[in-house]
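Quick note: numbers below take in every heavy atom, side chains included, and nothing from hydrogens, waters or symmetry partners. In what follows, residues are counted from 1 in the order of the sequence shown.
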Amino acid sequence: MRNIIAVASGKGGVGKSTTACNLALGLAALGLKVGILDADIYGPSQPKLFGLRGKPKLVGPRMLEPMERFGVKVMSIGFLVDEEVAMIWRGPMVQSALTQMMRDVAWGELDCLVVDMPPGTGDIHLTLMQTVPVTGVVIVTTPQAVALADAKKGIAMFGQAQINVPIIGLAENMAYFTPEELPDNKYYLFGKEGGKKLAEEYDLSFLGQIPLVQSIREGGDEGVPAMVGNDEISKQAFRNITAQAVRNIAIRNAAAPATQTIKTQA
């Protein structure tokens, strides 16, 4: 895996999984070999977003073959347990599941592995960074003040001295709403440019805005994400974010040594 990109958020409900899914598809559209790992053990979303069901096949005695759709390899705990079963697992079990999905899956050669992180800052984040060298992180937030407050905690975690994983940039989801019948109007339902201002405050690259568009929600529910759908507005938003992320990854890789796995007792 040449690049491992974590997609994180301070809180749930900001569209992190949708952004991770469409970022992976955007990278694949550029001709890259891409996989996505659903690391949200308690609330896996990628099987639904990609429209995938069933169990992964075994490759050899213990390796699992990732599922694949739209040119992206996908692995999620959602493939391995009944979708109606609650994951009542303690931390060590969750950490073990994540480690197995990294090491016991036949990912093959990848240019980029996108990791859909759970919301918040906790065991899974530390386990990932202790297991593999993460190239960088994409932070997802909405412009709403409560989401921005939690996004700051995520930014602070990755910037800690013992972790020090680069932040590739910040994406602002649900940035504004434009009615189909009033295409020139923008309504800032959750506040205006909160994500952009947060990026400026922390001197982070602002990847772009994703509008609040009905087709993004419908595509996610139907297993046909925006990047492979027919709505050009949402598709262009994710194209822009992908292009800026790719530029930032290239600059980061050229200017800095590879990120190392962290060693922490936290």
Q: Any side-chain donor-acceptor pair under 3.5 Å between N3 and N253?
A: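 Yes, side-chain donor-acceptor contact under 3.5 Å.
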Q: Please give me the minimum heavy-atom distance between A24 and V34, naming the atom from each residue.
A: O-CG1, 3.7 Å
Q: Under the salt bridge (charged side-chain N to carboxylate O under 4.0 Å, His left out) rule, what pairs show up with a residue in residues 25-39, not counting sequence neighbours?
A: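 As it turns out, there is no salt bridge (charged side-chain N to carboxylate O under 4.0 Å, His left out) pair with a partner in residues 25-39 once direct neighbours are skipped.
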Q: Examine distances only and state if a side-chain atom of S96 and a backbone atom of P92 form a donor-acceptor pair shorter than 3.5 Å.
A: no
Q: About how many Å separate CG of L32 and SG of C112, when rounded to the nearest 0.5 Å?
A: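 One finds 7.0 Å between SG of C112 and CG of L32.
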Q: What pair of heavy atoms forms the shortest contact from I36 to L113, and how long is it?
A: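 Closest pair (atom of I36, atom of L113, distance): N-CD1, 3.9 Å.
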Q: Check residues 191-207 and write down every donor-acceptor pair under 3.5 Å in which the side-chain atom is one partner and the other belongs to a residue at least two apart or another chain.
A:
{"from": "S205", "atom 1": "OG", "to": "N248", "atom 2": "ND2", "distance (Å)": "2.7"}

Q: Any pair with a residue in residues 45-70 that passes salt bridge (charged side-chain N to carboxylate O under 4.0 Å, His left out), sequence neighbours left out, goes on the list, sorted by first then second residue, please.
A: R53-E83, R62-D104
Q: Check for a donor-acceptor pair, side chain of K73 on one end and backbone N or O of W107 on the other, with a separation under 3.5 Å.
A: yes
Q: Clusters formed by hydrophobic residues whose side-chain heavy atoms approach within less than 4.5 Å: which one holds L189, and what are its other members?
A: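 Grouped by the 4.5 Å side-chain rule, M174, F177, L182, Y187, F190, L212 form the rest of the cluster around L189.
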Q: Shortest non-hydrogen contact from I77 to D40?
A: CG2-O, 4.5 Å
Q: Please check if the side chain of Q46 supplies one atom and the backbone of S17 the other of a donor-acceptor pair under 3.5 Å.
A: yes
Q: Please, which pairs that meet side chain to side chain donor-acceptor pair (under 3.5 Å) have at least one residue in residues 137-146, sequence neighbours excluded?
A: none
Q: State whether a side-chain donor-acceptor pair under 3.5 Å links N240 with Q236.
A: yes
Q: Would a 4.5 Å heavy-atom cut-off, applied to side chains only, mark P133 and Q260 as touching?
A: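 Counting from C-beta outward, P133 and Q260 never come under 4.5 Å.
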Q: Kindly write out the residues that satisfy side-chain contact (heavy atoms from CB on, under 4.5 Å) with K186, not counting sequence neighbours, or none if the list is empty.
A: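 Only Y176, T178, Y188 meet the side-chain contact (heavy atoms from CB on, under 4.5 Å) criterion with K186.
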Q: Distance-only, no hydrogens or angles: does the N164 side chain make a donor-acceptor pair with backbone N or O of G159 under 3.5 Å?
A: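 The answer is no, because no donor-acceptor pair under 3.5 Å joins these two groups.
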Q: Look at K235 together with D231 and state whether they make a salt bridge at an N to O cut-off of under 4.0 Å.
A: no
Q: Is there a chain of hydrophobic side chains (I, L, V, M, F, W, Y, each step under 4.5 Å between heavy atoms) that links I168 to I251?
A: no
